[in-house]
2 protein chains.
Amino acid sequence: MSVSETREKLLETALTLIWQSNYSIVGVNEICKQAGVTKGAFYHHFESKASLFCEATAYYWQVIKKDLDTIFSPVNSPLVQLENLIQFLFQAKLSDDSVRGCPFFNAGAQIGTDDAKVIEALKNLSQTAITYNLALIKSLDAGGYMERSGDMEQQARLMYHFIHGVMSYAYVQPDVETIKKDLPEGLYRLLGIKQMYWYSTSPTWEAVPSVQQERA
Amino acid sequence: MSVSETREKLLETALTLIWQSNYSIVGVNEICKQAGVTKGAFYHHFESKASLFCEATAYYWQVIKKDLDTIFSPVNSPLVQLENLIQFLFQAKLSDDSVRGCPFFNAGAQIGTDDAKVIEALKNLSQTAITYNLALIKSLDAGGYMERSGDMEQQARLMYHFIHGVMSYAYVQPDVETIKKDLPEGLYRLLGIKQMYWYSTSPTWEAVPSVQQERA
DNA sequence: TAGAATACATACCGGTCGGTATGCACGTCA
DNA sequence: TGACGTGCATACCGACCGGTATGTATTCTA
């Protein structure tokens, strides 16, 4: 196994495990075991568990950035972008039985305040997500899909809050059908999409095949 | 110290500590130390840490139920109830520097799925909260404050999701000013309050003095 | 007033945690 | 060919975890 292979294996394994469970519960030993490497290798590549987590957030972001860029591709109408986003959230978080909220959404609640670097990584992650939301909202506004213009940066935050809440709820109550109804309804309401456009688009997730491969 | 005193001290201390941090991080030893009792006393009253947590959720609920009943008192107009709720969320979660989301909102992310009883306790807690939301929504609808009637049970969930998201965000980004704007804005939007009523009421939190004492 | 139950206190347990010290195979380059 | 840095593997560490065994003071009961 080459250098980068071991590193990536650790990052991917950490993501998967933390994804399925959470940061505090997943131990270094288990990450190593699942990744098929030893603890020596782990601490050869990462100086601490927290350090791995920080790098994993960056790695995670790099992975889904492609998806997001596809979802928010300018060739799609904003409404389709929104629908794609909703589908993506299902795809990513509700595909199988092990339904969990996004670990990075939740991680803020899982980590002691003491680790400043980790908190910082999470801040950045959420901030970037909000930035994506903002771009979508601007498109929606420009396209005349929204009932009234407001503080768009605020709306981007509202979107984030709501999605976060839904995903966390899904962790405790993995009721896919309910989530499937609540997520779009809440987003349409929060964004103030004109009602004539509600549910007007059908899922076009097939247009983003790369994700299905990556998530498989 | 009488029996019930020790029990209550443990429950209160556990609440406070978990509130400030989280379930997995707060240890039995620390709870005992802060409560001024020994481990023997702890395990005399509670059969396990998880058991304490379950009882603490019930205790917590019993404590804030009074507040909620005051907030949602029928003598208040629904709009005032909503405003009171918003003020209450600030009061409870954003009062001092140690800004955290509600631990029971977050706890789902902190606990391994293995502990079924804990998950159950959390389910009940969120379900009860949603029930309160539903009552408020019905009042708002009956009072003609909402733009359109929809699935009110769904709206109650949407409220819960959003509040949860905002509170969790506050954990990582304790920006009180922003939260203070986002929380009402999101709720008004989600509930579809007629815009003529937005921000029309002023905080009447003074009408709920019991809370300030209890939280102090 | 004897004795049983209650309400703890103290000391300790096995296990697991994140992290480390050390050794060694192997490629690189002088 | 030998010194050296890289990329690990193994064995182990102290701290801490939730939980327990046991002793004891107090109170309630018969």
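- Phosphate contact (OP1/OP2 of C/dA9, side-chain N/O of B/His44, threshold under 4.0 Å): absent.
- Under 4.0 angstrom from either OP1 or OP2 of C/dC8 there lies at least one side-chain N or O belonging to B/Thr6.
- A/Phe46 places its CZ atom 15 Å from the P atom of C/dG18, with the value rounded to the nearest Å.
- Residue B/Ile18 contributes atom CD1, which lies 11 Å from atom P of D/dG18 at whole-angstrom precision.
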Only distances under 3.5 Å count here; give the side-chain donor-acceptor pairs of residues 123-136 of chain A to other protein atoms, sequence neighbours excluded, each with its distance to 0.1 Å.
residue	atom	partner	partner atom	Å
A/Asn124	ND2	A/Glu120	O	3.4
A/Ser126	OG	A/Leu122	O	3.4
A/Ser126	OG	A/Lys123	O	2.9
A/Gln127	OE1	B/Gln173	NE2	3.4
A/Thr128	OG1	A/Asn124	O	2.6
A/Thr131	OG1	A/Gln127	O	2.9
A/Tyr132	OH	A/Asp69	OD1	2.8
A/Asn133	ND2	A/Ala156	O	3.2

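- With sequence neighbours excluded, the residues satisfying side chain to side chain contact (heavy atoms under 4.5 Å, CB included) with B/Asn29 are B/Lys39.
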Item to complete: Would you give a per-nucleotide map of nucleotides 19-28 of chain C, 5' to 3', where B means the base has a protein non-hydrogen atom under 4.0 Å away, S means only the sugar-phosphate does, and - means neither?
Response: BB--------
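- Evaluation of the ring-ring contact (aromatic ring centres under 6.0 Å, His included) rule for A/Phe46 yields A/Phe42 as partners, not counting sequence neighbours.
- Checked against D/dA9, C/dA7, C/dA9, the side chain of B/Thr38 finds its nearest nucleotide in C/dA9.
- Taking atom NZ on B/Lys9 and atom C1' on C/dA7, their separation rounds to 17 Å, with Å as the unit.
- Taking B/Glu30 as the reference, nothing meets the side-chain hydrogen bond (donor to acceptor under 3.5 Å, both in side chains) condition, with sequence neighbours excluded.
- Distance, A/Leu10 CG to D/dG7 P: 14 Å, rounded to whole Å.
- Taking the side-chain hydrogen bond (donor to acceptor under 3.5 Å, both in side chains) definition, one finds that B/Thr178 meets it with B/Asp175, sequence neighbours left out.
- Using the six-membered ring where Trp is involved, A/His164 and B/His164 have ring planes that are tilted, between 30° and 60° apart.
- Computed from coordinates, the B/His45 NE2 to C/dC8 C1' distance equals 8 Å when rounded to whole Å.
- The nearest whole Å value for the distance from the NZ atom in A/Lys33 to the P atom in D/dT10 is 15 Å.
- Remark: P of D/dG19 and CG of B/Leu52 are 10 Å apart, rounded to the nearest angstrom.
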